[in-house]
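Okay, structure first, notes after.
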Amino acid sequence: MRKLLYPTLLATAALLLACAPSPQPEAPVVAPQAPASAPAPAVAQTAPTAAQDEWILPGWITEATTLEQVKQHFGAANVREENRLDGAEGMTYSAWIVFPDNPTKRLELIPYEETRPGRVLTRIRVADPTSRWHDANGLHPGMTLAELVERNGKPIGFSGLDWDYGGTVLDWNGGKFALHEDIVIFPTATLTRRPGLPEGAKIPTGDGEFRSDDKRFPTLGQDLVVGELWLDWMDQDD
């Protein structure tokens with residue numbers, strides 16, 4: 001029986017194989033694609049932070065900044081060259097004036113008088129109490145003498161008012177704004193009467209040096225304000 005059954009099984013298997021449909025080639029396996037990521041949302045434009053403050057001085061301006069660069073940055077229509085601005089003792093000076101007709105944005109960039117490699121500008125001047133410009137320490141026209149002293153950390157010495165160099169800060173007394181060998185650009189402030197100060201108010205005048213803590217002028221800190229702020233680059237050849 002085994003001898004007859006075995007050939008019969010083989011024959012049956014052969015018949016089944018012959019009748020089975022031909023195998024079809026397998027479809028290529030396609031790796032699943034990751035879903036496309038959604039486009040990143042647009043970044044909202046925000047106002048400049050303190051570190052990006054566009055009104056800070058000197059900011060991007062250096063002593064090597066050229067007139068062409070100033071025009072490119074602010075727009076040529078917003079920059080005017082002036083050659084006869086009034087200075088002390090009847091002297092005149094030249095400047096590139098940015099936003100000349102807008103007191104809150106007006107800025108004077110004063111070229112160096114001599115020709116030296118890498119040296120174009122020597123000073124920056126801001127002189128309107130409503131100005132948006134200020135230096136990295138927050139100094140600006142219109143701030144009171146008391147605020148200036150607070151930022152300096154020590155009393156300051158200045159010349160008496162009512163003459164060509166009146167109100168000029170002469171001595172920072174070792175405070176924050178005192179000159180030191182590592183300084184690159186330093187501030188000079190000129191003091192004046194605050195707007196609305198009553199006529200006849202007692203303030204120091206004349207060609208002499210006074211201090212912000214002078215007991216003879218108890219309201220001095222509020223009676224005087226910064227009228228002009230100058231920023232000067234140190235002359236490395238001096």
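When a residue number appears, it is its place in the shown sequence, counting from 1.
- Side chains of Trp233 and Tyr112 form no contact here, defined as non-hydrogen atoms less than 4.5 Å apart.
- Put simply, the side chain of Arg125 never gets that close to the backbone of Ala127: no donor and acceptor are under 3.5 Å apart.
- Leu85 belongs to a hydrophobic cluster whose other members, connected by ILVMFWY side-chain contacts under 4.5 Å either directly or through intermediates, are Tyr93, Ile97, Ile110, Trp230.
- Alongside Trp163, the hydrophobic cluster contains Met91, Tyr165 (criterion: ILVMFWY side chains under 4.5 Å).
- Atom CZ of residue Arg106 and atom CD of residue Glu108 lie 5.0 Å apart, to the nearest 0.5 angstrom.
- Between the side chains of Trp60 and His73, at least one donor N or O sits under 3.5 Å from an acceptor N or O.
- What you find for Trp96 and Leu67 is that their closest heavy atoms are CH2-N, 3.3 Å.
- The nearest pair of heavy atoms linking Gln69 to Ala64 is OE1-O, 4.0 Å.
- A salt bridge is defined here as a Lys NZ or Arg NE, NH1 or NH2 lying under 4.0 Å from an Asp or Glu carboxylate O, and Arg84 with Glu82 fails to meet this definition.
- The CD1 atom of Ile156 sits 9.0 Å away from the CG atom of Leu170 when rounded to the nearest 0.5 Å.
- The two residues Pro100 and Arg80 make their nearest non-hydrogen contact at CB-NH2, 3.3 Å.
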Worked check of side chain to side chain contact (heavy atoms under 4.5 Å, CB included) between Val226 and Val169: CA-CA 10 Å; Val226 174; Val169 173; over 6 Å; no
Stepwise side chain to side chain contact (heavy atoms under 4.5 Å, CB included) check, Leu224 with Thr144: CA-CA 6 Å; Leu224 299 186; Thr144 65; over 6 Å; no
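- Annotation for Ile124 and Pro58: closest pair CD1-CB, 4.1 Å, computed over non-hydrogen atoms.
- Between Val98 and Ile61 the shortest side-chain heavy-atom distance does not fall below 4.5 Å.
- By the side chain to side chain donor-acceptor pair (under 3.5 Å) test, Asp135 pairs with no residue at all, sequence neighbours left out.
- Counting all heavy atoms, side chain and backbone alike, Ala146 lies closest to Gln222 at CB-NE2, 3.6 Å.
- Annotation: ring-ring contact (aromatic ring centres under 6.0 Å, His included) contacts involving residues 176-206, sequence neighbours excluded, comprise Trp172-Phe177.
- Nearest heavy atom pair, residue Glu63 against residue Met234, reads OE1-O, 4.4 Å.
- From Thr190, atom OG1 reaches atom CG of Leu229 across 8.5 Å, with rounding to the nearest 0.5 Å.
- Clustering ILVMFWY residues whenever any of their side-chain heavy atoms sit less than 4.5 angstrom apart, transitively, puts Leu197 in a cluster other than the one holding Val225.
- In this structure, Asp162 pairs ionically with Arg193, as a charged nitrogen and a carboxylate oxygen lie closer than 4.0 Å.
- The line from OG1 of Thr62 to CG of Leu121 is 7.5 Å long, rounded to the nearest 0.5 Å.
- Of the possible donor and acceptor atoms, none in the side chain of Asn137 sits under 3.5 Å from a partner among the backbone N and O of Leu139.
- Not a single donor-acceptor pair under 3.5 Å links the side chain of Thr104 to the backbone N or O of Arg132.
- Inter-residue side-chain proximity for Thr122 and Pro111 is flagged as unmet; no heavy-atom pair is nearer than 4.5 Å.
- No donor-acceptor pair closer than 3.5 Å links the side chain of Asn173 to the backbone N or O of Gly175.
- Under the 4.5 Å side-chain criterion, counting only non-hydrogen atoms from C-beta, Ser131 is not in contact with Trp55.
- Asp232 places none of its side-chain heavy atoms less than 4.5 Å from the side chain of Ile185.
- Counting heavy atoms from C-beta outward, Ser159 and Leu191 have side chains that stay 4.5 Å or more apart.
- Listed by chain and number, the residues in a ring pair (Phe, Tyr, Trp, His ring centres under 6.0 Å) with Phe158 amount to none (sequence neighbours excluded).
- The CG atom of Asp128 lies 11.0 Å from the CD atom of Glu228; values are rounded to the nearest 0.5 Å.
- Residues in residues 212-221 take part in these side chain to side chain donor-acceptor pair (under 3.5 Å) pairs, two or more places apart or across chains: Arg211-Asp213, Asp214-Arg216, Thr219-Asp223.
- Between the Trp133 side chain and the Lys105 main chain, a donor and an acceptor come within less than 3.5 Å of each other.
- Taking CG from Leu145 and CG from Asn152, the interatomic distance works out to 10.5 Å, rounded to the nearest 0.5 Å.
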